Amino acid sequence: MKDFAGKIAVITGGGTGMGRELARQLVAEGCNVAMCDVSAAALAETKGLCEVEKLPQGLRVTAQVADVAIEDHLKRFRDELVEQQATDKIHLLFNNAGIGGGGSLFTSTREQWERTFNICWGGVYLGVRTFLPMLVKADEAHIINTSSVNGFWASVGMGVSHTAYSAAKFAVKGFTEALMNDLRLNAPHIKCSVVMPGHIGTSIVSNTRKVQSGSESDRLNPNEIVQARQRLKGMGTDVTTLSDEDIQQIASDRARTFRDEAPTTAAQAAKIILDGVKAERWRILVGDDANLLDERVRQNPEKAYTQEFYENFAKEVGWRIG
Ligand SMILES: NC(=O)c1ccc[n+]([C@@H]2O[C@H](COP(=O)([O-])OP(=O)(O)OC[C@H]3O[C@@H](n4cnc5c(N)ncnc54)[C@H](O)[C@@H]3O)[C@@H](O)[C@H]2O)c1
């Protein structure tokens, strides 16, 4: 798809981060946008940002609260967008919503594990199921599924368990790669791409907490303090001398530095993704860190989960994300 003007794009997780920047850049190119998120406040902010410049006559930006892990929410989102965008087709589907967390079979609860997996994998799968009939009706269409570098490397460093997110992101990558042929055989006017970002400066750390705890508060609850202690201990920090308040501070500093000190901004990431779609690339790596990690894992897969591999890579790209 060379041109987004006049098309209709669906974006999941449009409230913040890369979803928000995708919405802004698509609207700037004259594309209609229908987005969903679990946060009504974040959606309203994105919508406001899209409408800062007066929208050209007829261009629509619509937003619905919907949880991508729940099929009925996605169906309601679809039915409302059919009405609000006055359409029976869409051209672009960005399955972007995601959270981290649920890392361990030992120290995370089963609920946390499955919440992460059901959003990151289930949300993509259900998104495709829900919107496929509307993509089929378009003259040309493109599905963009957001995986991660954790879709080909299942770690964020040796001291942190990362099983639910990695399992989900590998699933997104495998599904999208296999979908290419299914589309070629059955709906050749639809293309698909898998997006694999490295470290992008977004609020995913604090949003993950909010979605996992079901609370809008920025403060950790007692269970989260226990889990944050375990995580820090796993990373080699002496936690015995740290008060709960110290743990709160470390957690909010981590969320802030993750957002503010990333090598790639959310806006840069969105541009790379949209350029990749225009160039019809099926694999879209986002950021120099993602490109380098892809090379390194291929060069030496047997060493990919060693301390030495991680330390050398993290030093080279300046990663401090664990
Ligand atoms: N930031 C990174 O470094 C990074 C790296 C690789 C992959 N990713 C992936 O990129 C995608 C976008 O993440 P981001 O970094 O922009 O984070 P973000 O937290 O800024 O944006 C994600 C949005 O999804 C929403 N969301 C969460 N759960 C949802 C649900 N169940 N239903 C609907 N909306 C939901 C959040 O409220 C948020 O607005 C995610 O799939 C993430 O896993 C991010």
Side-chain angles (χ1 to χ4, degrees), residues 10-24 35-47 63-74 76-77 94-102 114-124 126-127 130 144-154 156 162 164-173 176 194-214 216 255 257-270 272-273 284-287 289-290 293 317 319-322:
V10 166
I11 304 172
T12 68
T16 60
M18 285 181 261
R20 167 177 288 176
E21 297 305 326
L22 284 167
R24 295 177 72 182
M35 57 194 163
C36 79
D37 203 284
V38 283
S39 167
L43 279 175
E45 215 175 305
T46 300
K47 196 164 184 293
Q64 306 295 332
V65 172
D67 183 331
V68 295
I70 303 174
E71 189 168 7
D72 282 349
H73 282 207
L74 281 173
R76 196 182 61 212
F77 170 43
F94 292 87
N95 284 308
N96 160 80
I99 61 165
E114 291 179 2
R115 185 81 175 114
T116 299
F117 188 77
N118 291 342
I119 293 172
C120 289
W121 158 244
V124 170
L126 293 174
T130 305
I144 303 95
N145 293 332
T146 297
S147 172
S148 163
V149 290
N150 292 138
F152 61 81
W153 183 68
V156 280
H162 201 46
Y165 188 82
S166 300
K169 295 300 188 181
F170 267 71
V172 171
K173 181 164 180 284
T176 312
V194 57
V195 174
M196 292 166 285
H199 177 193
I200 313 299
T202 72
S203 302
I204 192 167
V205 173
S206 53
N207 287 336
T208 294
R209 266 208 53 247
K210 288 177 184 169
V211 172
Q212 282 284 9
S213 67
E216 281 294 304
T257 53
F258 187 93
R259 187 193 59 213
D260 297 344
E261 294 175 18
T264 309
T265 65
Q268 287 166 335
I272 292 167
I273 295 167
I284 304 177
L285 288 158
V286 184
D289 51 354
L293 190 54
V317 298
W319 260 24
R320 290 196 296 129
I321 62 167

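Order of appearance sets the numbers: ligands from 1, and atoms from 1 within every ligand. These numbers come from a predicted model, not from an experiment.
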Exercise: identify the closest heavy-atom pair between Cys120 and Val172: O-CG2, 3.4 Å
With respect to Val149, determine whether any N or O atom, backbone or side chain, lies less than 3.5 Å from an N or O atom of ligand 1. no
Purely on distance, is any nitrogen or oxygen of Ser39 under 3.5 Å from one on ligand 1? no
Protein contact to atom 31 (N) of ligand 1 [nearest heavy atom, distance to 0.1 Å]: Asp67 OD1, 2.8 Å
re atom 11 (C) of ligand 1, the protein heavy-atom contact at minimum distance is Asn96 O, 3.0 Å
Under 3.5 Å, side chain of Asn96 to main-chain N/O of Gly13, donor-acceptor pair present? yes
Salt bridge flag under 4.0 Å for residues Asp37 and Lys47: no
Check His199 against Trp319 and note the closest heavy-atom contact, atom names and distance. CB-NE1, 3.6 Å
Between Asn145 and Thr176, does any side-chain donor sit less than 3.5 Å from a side-chain acceptor? yes
Proximity of Ile99 to ligand 1 by residue part, where a heavy atom lies under 4.0 Å: side chain
Can you name the atoms of ligand 1, numbered from 1 with element, that are less than 4.0 Å from a heavy atom of Thr146? 9 (C), 10 (O), 11 (C), 41 (O)
Measure Asn150 to ligand 1 on non-hydrogen atoms and call it side chain, backbone, both or neither using the 4.0 Å cut-off. neither
Under 4.0 Å between heavy atoms, the region of Ser147 that gets near ligand 1 turns out to be backbone
Once you restrict to heavy atoms under 4.0 Å, what part of Ala66 touches ligand 1? Side chain, backbone, both or neither. backbone
Side-chain heavy-atom pair Ser148, Thr146 within 4.5 angstrom cut-off: no
Quick check: Phe258 and ligand 1, any N/O pair under 3.5 Å apart? no
Please check: side-chain N/O of Thr116 versus main-chain N/O of Gly100, any donor-acceptor pairing under 3.5 Å? yes
Among all protein non-hydrogen atoms, which one is nearest to atom 6 (C) of ligand 1, and what is the separation to 0.1 Å? Pro197 O, 3.4 Å
Taking heavy atoms and a distance under 4.0 Å, where does Arg20 meet ligand 1: side chain, backbone, both or neither? neither
Between Tyr165 and ligand 1, is there a nitrogen or oxygen pair with a distance under 3.5 Å? yes
Hey, does the side chain of His73 reach the backbone of Asp67 with a donor-acceptor pair shorter than 3.5 angstrom? yes
Residue portion contacting ligand 1 (non-hydrogen atoms closer than 4.0 Å) for Ala42: neither
Return the option from Met18, Arg115, Met196 holding the heavy atom at the smallest distance from atom 44 (C) of ligand 1. Met18
What I want to know is whether Gly19 and ligand 1 share at least one N or O pair that is separated by under 3.5 angstrom. no
Heavy-atom distance under 4.5 Å between the side chains of Leu285 and Phe152, does that happen here? yes
Of the side chain and backbone of Ile119, name the one, both, or neither that has a heavy atom under 4.0 Å from an atom of ligand 1. side chain
Val286 versus Asp289, closest heavy-atom pair with distance: O-OD1, 3.9 Å
Checking a contact table here: which protein heavy atom is nearest atom 19 (O) of ligand 1, and how many Å away? Asn207 ND2, 2.8 Å
Using heavy atoms and a threshold below 4.0 Å, how should the contact between Thr16 and ligand 1 be classified: side chain, backbone, both, or neither? both
Residues at least two apart in sequence or cross-chain that pass salt bridge (Lys or Arg N to Asp or Glu O under 4.0 Å) with Arg259, listed by chain then number, are none
